[in-house]
Amino acid sequence: MSYSLLHVIHLLAAIFFIGTLFVEVMLLGQVRQQLGTQVMQPVDKAIGARSRVVLHWVVLFVYGAGIGLAWYHRQALANPFASSFATLLSLKILLALGVFITFGLVAMLLRSGRMTPARYRRIHWAIFVQMIGIVLLAKGMFYVHW
């Protein structure tokens, strides 16, 4: 698969992923406070069920394309401190691994019944902040020269 196609797939999947988190964190958080638990509980359940289905595919594409792109940059990743590009790419990959691990934590908490609304909000904020960091690192990879 060509680098350009992998890049487009990766970018689109990242947009979908971050957009979903943006709606969850920035919009629905406030709506929940305004409408209350009784109204939002069935909405949250429906959104959660749908987003789990959609996000599984989005995550597959963002990480699959990301792995393909990393393969193209394997020379830079072999020495992550040789250039600003390699350093920022390495940090971006570490944050992406953190997001992946955090989603694993969400799955474990949901399956075990230990997910609380407060935990859910904190974890979503943590993932959202990590994703913003990834976007900033991605932008910096092509413009920052140390």
Are the side chains of [X] and [Y] in touch, meaning some heavy atoms are under 4.5 Å apart?
{"X": "Trp125", "Y": "Glu24", "result": "no"}
{"X": "Ile134", "Y": "Ile18", "result": "no"}
{"X": "Phe128", "Y": "Ile132", "result": "yes"}
{"X": "Ile101", "Y": "Leu105", "result": "no"}

Are Trp71 and Phe85 joined in one hydrophobic group, where the rule is that I, L, V, M, F, W and Y side chains link up if heavy atoms are under 4.5 Å apart?
no
Do Leu69 and Leu60 sit in one hydrophobic cluster, given that two such residues count as connected whenever their side-chain heavy atoms are within less than 4.5 Å of each other, even indirectly?
yes
Would a distance-only check, ignoring hydrogens and angles, find a side-chain to backbone donor-acceptor pair under 3.5 Å from [X] to [Y]?
{"X": "Arg119", "Y": "Leu109", "value": "no"}
{"X": "Tyr63", "Y": "Ala96", "value": "yes"}
{"X": "Thr87", "Y": "Pro80", "value": "yes"}
{"X": "Arg111", "Y": "Met108", "value": "no"}
{"X": "His10", "Y": "Ala65", "value": "no"}

Intermediate values then yes/no, side chain to side chain contact (heavy atoms under 4.5 Å, CB included), Phe17 and Val99
CA-CA 11 Å; Phe17 190 30; Val99 168; 3.9 Å; yes
Look up atom [atom1] in [X] and atom [atom2] in [Y], then write down how far apart they are to the nearest 0.5 Å.
{"X": "Ile9", "Y": "Met1", "atom1": "CD1", "atom2": "CE", "answer": "4.5 Å"}
{"X": "Ile15", "Y": "Thr20", "atom1": "CD1", "atom2": "OG1", "answer": "11.5 Å"}
{"X": "Ser84", "Y": "Met141", "atom1": "OG", "atom2": "CE", "answer": "10.0 Å"}
{"X": "Leu95", "Y": "Leu91", "atom1": "CG", "atom2": "CG", "answer": "7.0 Å"}
{"X": "Tyr72", "Y": "Arg74", "atom1": "OH", "atom2": "CZ", "answer": "9.0 Å"}

Using the benzene-type ring in the case of Trp, are the ring centres of Tyr3 and His73 under 6.0 Å apart?
yes
Check the pair Leu21, Met26 against side chain to side chain contact (heavy atoms under 4.5 Å, CB included), reporting the backbone distance first and the verdict last.
CA-CA 8 Å; Leu21 288 171; Met26 301 301 284; over 6 Å; no
Go through the steps to decide whether Val43 and Ile47 satisfy the test side chain to side chain contact (heavy atoms under 4.5 Å, CB included), and finish with yes or no.
CA-CA 6 Å; Val43 173; Ile47 290 172; 3.6 Å; yes
